[in-house]
Amino acid sequence: MSKPVVLVVMDGVGWTDKDNGNAVMHAYKPQIDELMTKWPHTTIKASGTAVGLPSDSDMGNSEVGHNALGCGQIYSQGAKLVNESIESGDIYKSAAWQKSVAQVKEHNGKLHFLGLLSDGNVHSNISHLIAMMREAKKEGIHEVRCHILLDGRDVPETSALQYVDQLEGVIRELNDDSYHACIASGGGRMTITMDRYEADWSMVERGWHCHVLGDGRKFQSATEAIETYRKEGGYTDQYLPGFVIADAAGNPVGTIDDGDSVILFNFRGDRAVEISKCFDYMDTFDKFDLVKKPKVFYCGMLQYDGDLKLPANFLVEPPHIKYTLSEFLVKRGVKSYACSETQKFGHMTYFWNGNRSEKFSDELEDWEEVPSDIIPFDQKPWMKATEVTEKIVAAIESGKYQFIRCNYPNGDMVGHTGNYEATLIGVESVDLNLRRVMDACMKYGYTLLVMADHGNSDEMVDKNGKPKTSHSLARVPFAVYNGPEGTKVKDGDFGLANVAATVVKILGYEPDEHWLESITE
């Protein structure tokens, strides 16, 4: 017996008995509780080696999570890919690295490193920056500038000085008569540079002004900037305003100029695309006035969008994801529908389809985006859950689709603010909307699969009792509602990559031979 399937990702909703500010545990969530008690259910792994990360101490994230959900396999991801490339030395043999070095040497320019300064292993790792700085000196580069984006999201919310001190220590060690490195600019990741899905280009504009033009509030050091902003505004790291480091005469120490090279050392794609467009599309860029268009060589740690070929130059080859669920369904003529609001729309499409911006079939794949509000998510923790639900219910009622998927971002995006009370509301908003989806699935004969892509809102307090804004290592819920007769969850230790086979089995197909096994019998 087969049935059409609706798949819901409750982003950032981990499932654990540990109560470190567990907003999932304490939320009023009758629908989720019903799914995790009265219907076939289990918990599945969503972090570490189960999603291709280096170790089981590495938190999962939405990108690798949706890759795994959408392809049914485990690929080396993010930090693991870069680690392997650095350890082998392949990164320094890449054309992009060699061109970066050649550009600087030929024009007596500067080598700029731009990226998120932490060891969160979600967007970047400070160890990668340090390794490249050491190699740059070894290869005869004389001037290096670091443009640091402060985290406080994948790591403790006021940990920036720890990473600045670490970087400054390496700089002191490396600097001599032939090599000079320093921090040139910076700011919080949710204030400058790292916007995603074109939700707020003004963030990127502020970053461009700081990094490229040296146009921003000036300080003598990054430490002074961070401490001053904290005193003045009580900012946590991710929201610190942009800053520029200046010399004693007030001149910026590291503008990006003709003859320079720029390396974006983030490995995660979503928040790297827009700043990459500024550099790669400089001649035709129209999102804001660049003011200055320096002739530089630009590359990313990875290619962040394989279909756009963006950036054109990159240091490490991304995983070439094959045998995706979407491609499997298209080959069998199955019509599908994907929906989320802007904050997670790319996860339901680009990452789900194996890092592809384009559909496998315009005829068989329908995608619909609900524009996110540009507002701090703890000020409106229900986000666009109702609007997404209305579209999902309409897709079910239409009868056009055999496979429907959506993402509710609330548990993750509100969880990242560190606001426990708001996160409770975010989780409850998702739960409330699940009722409508469940009722529609029951009425129209769909099986509903409910899960999460990683934890976050289940752990809102750190070991010191402070707000925790990063993801968690928790397993995530997995439940089957209104499944085919006799549906049972098998015994086993499953992860996100087991979901693809589960979907097609319920649809009535034999899973692809490359995938991990189904969670259900």
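Side-chain atoms are counted along with the backbone in the values below, which use heavy atoms only and exclude waters and symmetry mates. Given the structure is predicted, the values throughout are model-derived calculations rather than measurements.
In this structure, the salt bridge (charged side-chain N to carboxylate O under 4.0 Å, His left out) partners of Arg435, at least two apart in sequence or on a different chain, are Glu34, Asp439. With sequence neighbours left out, the ring pair (Phe, Tyr, Trp, His ring centres under 6.0 Å) criterion links Phe377 to no other residue. Listed by chain and residue number, His66, Tyr197, Phe351 satisfy the ring pair (Phe, Tyr, Trp, His ring centres under 6.0 Å) test with His347 (two or more places apart in sequence, or in another chain). Residues satisfying the ring pair (Phe, Tyr, Trp, His ring centres under 6.0 Å) test with Tyr229, not counting sequence neighbours, are Phe219. Remark: Lys18 pairs with no residue by the salt bridge (charged side-chain N to carboxylate O under 4.0 Å, His left out) rule, at least two apart or across chains. Remark: Met190 pairs with Arg153, Gln238, Tyr239, Arg271 by the side-chain contact (heavy atoms from CB on, under 4.5 Å) rule, at least two apart or across chains. With sequence neighbours left out, Asp458 forms a salt bridge (charged side-chain N to carboxylate O under 4.0 Å, His left out) with no residue at all. With sequence neighbours left out, the side-chain contact (heavy atoms from CB on, under 4.5 Å) criterion links Asp56 to Thr49.
Asn498 places a side-chain N or O within 3.5 Å of a backbone atom of Gly495 that can act as its donor or acceptor partner. Distance alone, capped at 3.5 Å, places no donor-acceptor pair between the Arg436 side chain and the Val393 backbone. A donor-acceptor pair is defined here as one N or O able to donate and one able to accept, closer than 3.5 Å; such a pair exists between the side chain of Thr342 and the backbone of Ser372. Between the side chain of Thr389 and the backbone N or O of Ala385 there is at least one donor-acceptor pair closer than 3.5 Å. Side-chain atoms of Arg206 come within 3.5 Å of backbone atoms of Thr191 as a donor-acceptor pair (strictly under, hydrogens ignored). Using modelled atom types, one side-chain atom of Asp200 and one backbone atom of Ser202 make a donor-acceptor pair closer than 3.5 Å. A donor-acceptor pair under 3.5 Å is formed between the side chain of Thr469 and the backbone N or O of Gly152. A donor-acceptor contact shorter than 3.5 Å links the side chain of Ser429 to the backbone of Ile425. Tyr304 places a side-chain N or O within 3.5 Å of a backbone atom of Met301 that can act as its donor or acceptor partner. The closest donor-acceptor contact from the side chain of Thr417 to the backbone of Asp378 lies at 3.5 Å or more, if one exists at all.
Sorted by first and then second residue, the ring-ring contact (aromatic ring centres under 6.0 Å, His included) pairs with a member in residues 8-29 form an empty list; sequence neighbours excluded. Pairs engaging residues 150-170 under the ring-ring contact (aromatic ring centres under 6.0 Å, His included) rule: none recorded [sequence neighbours left out]. For the salt bridge (Lys or Arg N to Asp or Glu O under 4.0 Å) condition, the pairs that include at least one residue of residues 404-432, sequence neighbours left out, are Lys344-Asp412.
With values rounded to the nearest 0.5 angstrom, Arg475 atom CZ is found 6.5 Å from Thr42 atom OG1. In this structure, CH2 on Trp39 lies 10.0 Å from CG on Leu448, to the nearest 0.5 angstrom.
Under the side chain to side chain donor-acceptor pair (under 3.5 Å) rule, Arg230 has a single partner from Asp237, Thr236, Thr158, which is Asp237. Test Glu369, Met348, Lys384 against Ser340 for side chain to side chain contact (heavy atoms under 4.5 Å, CB included) and you get one pass: Met348. With Arg189 as the partner, the salt bridge (charged side-chain N to carboxylate O under 4.0 Å, His left out) test is satisfied by one option alone out of Asp154, Asp195, Asp270: Asp154. With Ile275 as reference, Leu264 is the one residue of Leu264, Asp280, Asn266 to meet the side chain to side chain contact (heavy atoms under 4.5 Å, CB included) rule.
Contact record, Pro252 with Gly214: CG-O, 3.5 Å, taken as the closest heavy-atom pair. Residues Met460 and Ser457 approach most closely at CG-O, 3.6 Å, considering heavy atoms. Minimum interatomic distance between Pro311 and Gly300 (heavy atoms only, all atoms of both residues): CG-N, 3.6 Å. Between Ile171 and Cys182, the closest heavy-atom pair is CD1-CA, 4.0 Å. Here the closest heavy-atom approach between residue Ile74 and residue Ala497 is recorded as CG1-CB, 4.0 Å. Here the closest heavy-atom approach between residue Val122 and residue Arg268 is recorded as CG1-NH1, 2.8 Å.
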Could you pull out every donor-acceptor pair under 3.5 Å between side chains of residues 129-136 and any protein atom, sequence neighbours left out?
from, atom 1, to, atom 2, distance (Å)
Arg134, NH1, Glu173, OE2, 2.7
Arg134, NH2, Glu173, OE1, 3.3

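A salt bridge does not link Asp462 to Lys466: none of the charged nitrogens lies less than 4.0 Å from a carboxylate oxygen. Comment: Glu205 does not engage Lys287 in a salt bridge, judged by the lack of any side-chain N to carboxylate O separation of less than 4.0 angstrom. Ion pairing between Glu198 and Lys277 holds under the 4.0 Å rule for side-chain N and carboxylate O.
More than 12 non-hydrogen atoms from other residues, nucleotides or ligands lie less than 6.0 angstrom from CG of Asn464. Annotation: Gln220, atom CD; neighbour count of heavy atoms from other residues, nucleotides and ligands within 6.0 Å does not exceed 12.
In this structure, the ring of Phe279 has its center less than 6.0 angstrom from the ring center of Trp208. When ring centroids are compared, Phe285 and Trp201 come within the 6.0 Å threshold. Two rings, from His416 and His471, have their centers less than 6.0 Å apart.
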Chi angles and distances behind the side-chain contact (heavy atoms from CB on, under 4.5 Å) call for Gln303, Leu310: CA-CA 6 Å; Gln303 186 166 68; Leu310 184 77; 5.6 Å; no

Show your working on side chain to side chain donor-acceptor pair (under 3.5 Å) between Asn61 and His123 and close with a plain yes or no. CA-CA 9 Å; Asn61 61 68; His123 288 270; over 6 Å; no

When you look at Ser57 and Ser55, which way does the side chain to side chain donor-acceptor pair (under 3.5 Å) test go after all the steps? CA-CA 5 Å; Ser57 63; Ser55 74; 2.7 Å; yes

Would you check, one step at a time, whether the test side chain to side chain donor-acceptor pair (under 3.5 Å) holds for Ser276 with Tyr298? CA-CA 8 Å; Ser276 294; Tyr298 174 79; 2.8 Å; yes

side-chain contact (heavy atoms from CB on, under 4.5 Å) assessment of Asp215 paired with Val244: CA-CA 7 Å; Asp215 175 21; Val244 173; over 6 Å; no

Under the side-chain contact (heavy atoms from CB on, under 4.5 Å) criterion, do Met59 and His454 qualify, and how do the steps go? CA-CA 8 Å; Met59 295 176 291; His454 58 76; over 6 Å; no

